[in-house]
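Quick note on labels: first sequence line is chain A, next is B, and so on, each numbered from 1.
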Amino acid sequence: IAGITQAPTSQILAAGRRMTLRCTQDMRHNAMYWYRQDLGLGLRLIHYSNTAGTTGKGEVPDGYSVSRANTDDFPLTLASAVPSQTSVYFCASSDSTERGELGELFFGEGSRLTVL
Amino acid sequence: GQNIDQPTEMTATEGAIVQINCTYQTSGFNGLFWYQQHAGEAPTFLSYNVLDGLEEKGRFSSFLSRSKGYSYLLLKELQMKDSASYLCAVRDGDYKLSFGAGTTVTVRA
């Protein structure tokens, strides 16, 4: 079982370029998330999706967009990358329990992005 | 936004016990999670508390007091492999999960 797959694992990007980070899960989880992790700041939520067809903004959404066309895929796009978007990006997913409470997050291995 | 505080670093000796505290202020509460993250790796789930009290899972225990906005993670019989960052995360009233900055635990021989 692959769980959550992120691609690319690492990328160096020129400022101003467009970049899409891919995320695919095979656990049929309803909810998916994108976090960025920066030293001293921890994991910060960028965007999330509680179910296919819906998305929402997290704590730091500016400069990023997402789509959720189906249950398995949740790509994150940087329309015009800037150096402050240099970070490690983690995709995660979680299931909904019978009581309607979301379960624990399962994380991908991360995508390390450097914007020059 | 949410406010989740935990110490930046802790050091302990192999075989000892370490307690990592976490205080939080969030809009609503739907559970508190602890995750472990080794350097260069993804976070992995350790424990979940939604009711007050202690949850024990092997060498790891987690405690929650909702009225005090407080939790701790207790690591017993420390091993070298426990050297990692420990992340406190709170699920708010909208079911969004916010993380603290993490506590780096270093276990010394």
Side-chain angles (χ1 to χ4, degrees), chain A residues 2-7 9-10 21 23 25 27 29-51 54-62 66 87-97 99-112, chain B residues 1-9 20 22-51 55 57 60 62 64 66 71 73 84-105:
Chain A
I4 297 181
T5 303
Q6 291 185 232
T9 56
S10 181
L21 303 180
C23 176
Q25 54 111 351
M27 296 176 283
H29 284 168
N30 290 332
M32 297 187 75
Y33 313 83
W34 274 106
Y35 287 88
R36 59 176 291 173
Q37 188 172 37
D38 304 287
L39 196 63
L41 297 177
L43 286 158
R44 292 181 292 168
L45 182 64
I46 304 171
H47 285 287
Y48 66 95
S49 169
N50 287 333
T51 188
T54 68
T55 62
K57 293 181 179 180
E59 182 183 356
V60 287
D62 294 342
V66 292
S87 187
V88 180
Y89 291 85
F90 285 100
C91 180
S93 71
S94 67
D95 201 0
S96 300
T97 70
R99 291 176 292 170
E101 297 173 0
L102 296 173
E104 74 270 24
L105 266 61
F106 293 84
F107 285 86
E109 291 302 310
S111 296
R112 183 176 296 277
Chain B
Q2 318 299 2
N3 190 16
I4 301 170
D5 291 317
Q6 50 182 130
T8 304
E9 294 180 332
I20 307 170
C22 172
T23 58
Y24 64 89
Q25 291 178 307
T26 58
S27 302
F29 179 82
N30 281 295
L32 186 143
F33 296 78
W34 284 95
Y35 284 81
Q36 181 190 59
Q37 186 177 24
H38 286 100
E41 298 182 6
T44 55
F45 170 75
L46 281 180
S47 69
Y48 171 69
N49 295 72
V50 66
L51 300 176
E55 293 284 339
K57 190 185 293 186
F60 294 173
S62 57
L64 174 68
R66 288 171 296 171
S71 172
L73 178 69
S85 185
Y86 292 85
L87 314 178
C88 174
V90 178
R91 194 181 301 285
D92 66 17
D94 294 326
Y95 285 93
K96 290 196 297 291
L97 194 65
S98 296
F99 286 80
T103 299
T104 300
V105 172

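Listed here is the closest heavy atom pair of A:G40 and B:A101: O-CB, 3.7 Å. Closest of all the heavy-atom pairs between B:F33 and A:E104 is CE2-CA, 3.6 Å. When every heavy atom of A:F90 is checked against every heavy atom of B:A42, the shortest pair comes out as CE2-CA, 3.7 Å.
Among A:R44, A:Q37, A:R112, the residue with the largest count of heavy-atom pairs under 4.5 Å with chain B is A:Q37.
Residues B:K96 and A:Y48 meet the side-chain proximity criterion, which asks for heavy atoms closer than 4.5 Å. Looking only at side-chain heavy atoms (C-beta outward), A:Y35 and B:L97 come within less than 4.5 Å of each other.
Proximity to chain B is limited to the backbone of A:L41, based on heavy atoms less than 4.5 angstrom apart. Looking at A:E59, neither its backbone nor its side chain comes within 4.5 Å of chain B, counting heavy atoms on both sides.
Residues meeting the side chain to side chain donor-acceptor pair (under 3.5 Å) test with B:S85, sequence neighbours left out: none. Take B:D5 and apply the salt bridge (Lys or Arg N to Asp or Glu O under 4.0 Å) test, not counting sequence neighbours, and it matches no residue.
Within the 3.5 Å criterion, the main-chain N or O of A:G103 finds a donor-acceptor partner in the side chain of B:R91.
The distance from the CG atom of A:L105 to the OH atom of B:Y35 is 4.5 Å, given to the nearest 0.5 Å.
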